[in-house]
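The chains referred to below are lettered A, B, ... by the order of the sequence lines, with proteins before strands, and numbering in each begins at 1. Atoms considered below: every heavy atom in the structure, side chains included; atoms not considered: hydrogens, waters and symmetry mates. The structure displayed is predicted, hence computed values, not measured ones.
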Amino acid sequence: MAPRVRFAPSPTGYLHVGGARTALFNWLYARRHHGTFVLRIEDTDVERSSADMVTGILEGLRWLGLDWDEGPDTGGPYAPYSQSERLDRYRAAAARLVADGHAYYCYCTPERLQAERETAEQRGDAWRYDRACLALSADRIAELEAAGAPKAIRFKVPAARTQFADAVHGPIEFDGANIEDFVILRSDSHPTYHLSVVVDDMEMQISHVIRGDDHISNTPKHVLLFQACGAPVPQFAHVPLILGADKKRLSKRHGATSVTEYQRQGYLPGAMVNFLALLGWSPGDDRELMSTTELIERFSLEGISGGNAVFDTDKLDWMNGQYIARLPIDDLVQAVEPLLVEAGLWPPPSVEWLRRLVELLRPRAKRLTDFVDLAAPYLRDRIEYEAEAVEKHLGTPGLADHVAALMSSLRAVDPFDEPHVEADVRRIAADQGIKAGTLIHATRVAVTGRTTSPGLFEVLVLLGRERTIARLEQLLNFLATRV
RNA sequence: GCCGGUAUCGUCUAGGGGUCAGGACGGGUGGUUCUCAGCCAUCAAACCGGGGUUCGAAUCCCCGUACCGGUACCA
């Protein structure tokens, strides 16, 4: 049977890279096995959830190319896909559990529970709910009801051991004695996470639950709930967490954590997906650069590592550079264009010209945003000389004469292409009795203001004769004022 | 504290009773060259510790340690 998996983010924040990876693993699994990828919004925490966050999460997933078959916007056979619209189902399920004897009403006040925990803590003990309300007499219950006491519903955890098979960790077992009678329905009649996930996974026929490692200790509760509801228990796969460089859970302190932020910083979605896929998963061989199609073909739950993984920005940068290098040139130009516009580096002389510029700059860029700085000298009229460039390359005695010689020679070069321009520059250097490198470096400063650039002859040809000469002239003026 | 998980180069990982313990990022060195980047070559770099089992353990078992997660009327 085709698997049904789901990604169930809670819209209490943006799409975190950890969440994105969980979504990716689910998506890859669904696509690999021709199953269904369901997107469900877990917004039972009304206080902390917001519609904007939902929008942001959907946008992040779309940017990564993770499309869902059923979800809050697309609908599907098990709609609605937002938990806030499914509250009646949770209440019904909770009532059923009470009726079946799997759950019971609890009138304990949060204050009392809190106090118990604190005193236990002081003794150094763990405190689990003492089942006070399980033993309530009928009279007492009537009394509480008459007084209108608020009541929650707790699940009656059996004493037996609960076991489940985890696709990445193998068999995991918990002793019922270590699991307290957890609340499934709050006194305000909103479900807790445990109830809502299970009810939804059950109703939505989810076959595989692929989620973060941090849910392992919740899983026995969920297994118990599935069983109490008489539903089949899905296959679980708990994927390790993503850590920062200091091995702490990845957070704002470590830099960007939201996928939107990575998008803004100039990472390509393909690179992001490839990188995330390799964080905690391996195809089993040495392949690193894989297209989404390949990822789908090779993905398996067995390939997921058991241990947490550190998010290595250096490797992401490398990978992004690889994707930039392989992107079809027109796509790359299109991606860079808005950044240049935004930076006021617009318009270029022509589309072909811009394409050539991007081609020259491409191997030097790790992120799309790098193009802005890289391209700046070519898209501005005035060249500003960097101090280091002046110091290193403009101090040659008699440089003005050499530059003047080059300038007049360049006026006559025909055609103005790389081989001819190169031959010309080298000839002038020889005529002037200086090393070609000296003239090349000075010319580079003239046309870019910098010490580094793509190959000089390519740059000169890109700029064209007129602009090259204008910039050499600007250099001459600069040299004149400096003496 | 208790419960659960994890442990191979700095990082992501492959492998798995006998291997030169492989790859990638990052780092070093060299080559290409007008610079930078890229590309190519090359080097350094790891099986958490202790006990078993075994002819042989990094691999299997036990213990310990470290790290991570959970321990809510959050998700």
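When Watson-Crick and G-U wobble pairs are counted only if both distances are under 3.5 Å, B:A66 pairs with B:U6. Using N1 to N3 plus N6-O4 or O6-N4 for Watson-Crick, or N1-O2 and O6-N3 for G-U wobble, each under 3.5 Å, B:U42 pairs with B:G28. Partner assigned to B:A21 is none, using Watson-Crick or G-U wobble distances below 3.5 angstrom. Nucleotide B:A72 forms no Watson-Crick or G-U wobble pair with any nucleotide shown, as no partner meets the under 3.5 Å limit on both distances. In this structure, B:A57 makes no Watson-Crick or G-U wobble pair, since no nucleotide meets both defining distances under 3.5 angstrom. For B:U33, there is no paired nucleotide, since no Watson-Crick or G-U wobble pair has both relevant distances below 3.5 Å. When Watson-Crick and G-U wobble pairs are counted only if both distances are under 3.5 Å, B:C47 pairs with no nucleotide at all.
Using a 4.0 Å heavy-atom criterion, one finds that A:Cys108 contacts the bases of the nucleic acid, with or without backbone contacts as well. A:Ser187 comes within 4.0 angstrom of a nucleotide base, judged by non-hydrogen atoms across all strands. Across all strands shown, A:Asp166 has no heavy atoms under 4.0 Å from either base or sugar-phosphate atoms. A:Thr443 comes within 4.0 angstrom of no nucleic acid atom, judged by non-hydrogen atoms across all strands. Here A:Arg117 lies in heavy-atom contact (under 4.0 Å) with sugar-phosphate atoms only. Counting non-hydrogen atoms under 4.0 angstrom, A:Phe182 reaches nothing in the nucleic acid. At a threshold of 4.0 angstrom between heavy atoms, the contacts of A:Asp214 are confined to the sugar-phosphate backbone, with no base atom among them. Using a 4.0 Å heavy-atom criterion, one finds that A:Pro220 contacts no nucleic acid atom at all. Residue A:Glu42 is classed as a sugar-phosphate contact, given heavy-atom separations below 4.0 Å to backbone atoms only. Residue contacts for A:His215: at a heavy-atom cut-off of 4.0 Å it reaches a base atom on one of the strands shown. Looking at heavy-atom distances under 4.0 Å, A:Glu180 makes contact with sugar-phosphate atoms alone, never a base. A:Gln114 comes within 4.0 angstrom of nothing in the nucleic acid, heavy atoms only. Residue A:Ala436 is out of contact with every strand shown, counting any heavy-atom pair closer than 4.0 Å. Within the nucleic acid shown, A:Leu456 comes within 4.0 Å of at least one base atom, counting heavy atoms only.
Between A:Arg287 and B:A24 there is no side-chain N or O to OP1 or OP2 distance below 4.0 Å. When the side-chain nitrogen and oxygen atoms of A:Lys392 are compared with OP1 and OP2 of B:U35, none of them lie within a distance under 4.0 Å. Proximity of A:Arg450 to the phosphate of B:C36: no side-chain N or O atom is located under 4.0 Å from OP1 or OP2. An OP1 or OP2 oxygen of B:C34 is reached within less than 4.0 angstrom by no side-chain nitrogen or oxygen of A:Lys435. Between A:Thr44 and B:A75, a side-chain N or O to OP1/OP2 separation shorter than 4.0 Å is present. Proximity of A:His169 to the phosphate of B:U6: a side-chain N or O atom is located under 4.0 Å from OP1 or OP2. Between A:Arg154 and the phosphate of B:C73, there is a side-chain N or O to OP1/OP2 separation shorter than 4.0 Å. For the pair A:Gln322 and B:A37, the criterion of a side-chain N or O lying under 4.0 Å from OP1 or OP2 is not met. Remark: A:Arg249 is in phosphate contact with B:G70, judged by side-chain N or O atoms under 4.0 Å from OP1 or OP2.
Note: CG (A:Asn308) to P (B:C67) measures 13 Å, nearest angstrom. Between the CG atom of A:Asp317 and the P atom of B:C12 there is a distance of 17 Å, given to the nearest Å. The CH2 atom of A:Trp318 sits 14 Å away from the P atom of B:G23 (whole-angstrom rounding). Taking atom CE of A:Met290 as the reference point, atom P of B:C25 lies 14 Å away to the nearest angstrom. The nearest whole Å value for the distance from the NZ atom in A:Lys315 to the P atom in B:U13 is 9 Å. In this entry the distance linking CG of A:Leu243 with P of B:G5 reads 18 Å, nearest Å. Across the protein-nucleic acid pair, A:Ile184 atom CD1 and B:A75 atom C1' stand 17 Å apart, rounded to whole Å. Taking atom CD1 of residue A:Ile440 and atom P of nucleotide B:U35, one finds them 8 Å apart after rounding to whole Å.
Side chain to side chain, A:His215 and A:His238 fail the donor-acceptor criterion of an N or O pair below 3.5 Å. A:Tyr104 and A:Asp181 share a side-chain donor-acceptor pair at under 3.5 Å.
With distances taken from any side-chain atom of A:Arg426 to the nucleotides B:C34, B:U11, B:C36, the minimum falls on B:C34. Distance from the side chain of A:Ile216 is smallest for B:G4 among the nucleotides B:G4, B:G22, B:C68. For A:Ser217, the side-chain atoms get nearest to B:G69 when compared with the rest of B:G69, B:A24, B:U11. Distance from the side chain of A:Leu241 is smallest to B:G69 among B:C73, B:C12, B:G69.
A:Glu121 contributes no side-chain N or O that forms a donor-acceptor pair with the base of B:G1 under 3.5 Å.
Taking atom C1' on both nucleotides, B:C48 is separated from B:A58 by 11 Å, rounded to a whole Å. Comparing B:A37 with B:G27, their P atoms sit 10 Å apart, to the nearest whole Å. Of the C1' atoms belonging to B:A21 and B:G1, the separation is 40 Å, rounded to the nearest Å. A distance of about 14 Å separates the P atoms of B:C60 and B:A14, rounded to the whole Å. A distance of about 15 Å separates the C1' atoms of B:C12 and B:A7, rounded to the whole Å. Here the separation of B:A24 from B:U42, taken at their P atoms, is 11 Å to the nearest Å. B:G31 sits 37 Å from B:U8 when the P atoms are compared, rounded to a whole Å. Rounded to the nearest Å, the gap between the P atom of B:A57 and that of B:G38 is 44 Å.
With A:Tyr129 as the aromatic partner, A:Arg154 meets the cation-pi criteria of under 6.0 angstrom to the ring centre and within 45 degrees of the ring axis. A cation-pi arrangement is present between A:Lys221 and A:Phe182 under the rule of less than 6.0 angstrom and at most 45 degrees off the ring axis.
Of the possible donor and acceptor atoms, none in the side chain of A:Arg128 sits under 3.5 Å from a partner among the backbone N and O of A:Glu180.
Along RNA chain B, the nucleotide closest to A:Asp314 and the one closest to A:Gln83 are compared, and the more 5′ of them pairs with A:Asp314. Of the two residues near RNA chain B, A:Gly455 and A:Ser282, the one whose nearest nucleotide lies more 5' is A:Ser282.
Contact between A:Leu61 and A:Ala23 at its shortest, heavy atoms only, is CD2-CB, 3.7 Å. The heavy-atom pair separating A:Arg21 from A:Gly280 by the smallest distance is NH1-CA, 3.9 Å. Of all non-hydrogen atoms in A:His208 and A:Leu301, the two that sit nearest each other are ND1-CD2, 4.4 Å.
Pairs engaging residues 314-324 of chain A under the side-chain hydrogen bond (donor to acceptor under 3.5 Å, both in side chains) rule: A:Tyr267-A:Asp317, A:Asn274-A:Tyr323, A:Glu288-A:Lys315, A:Gln322-A:Arg326 [sequence neighbours left out].
Counting heavy atoms of neighbouring residues, nucleotides and ligands inside a 6.0 Å radius, atom CZ of A:Arg161 exceeds 12 of them.
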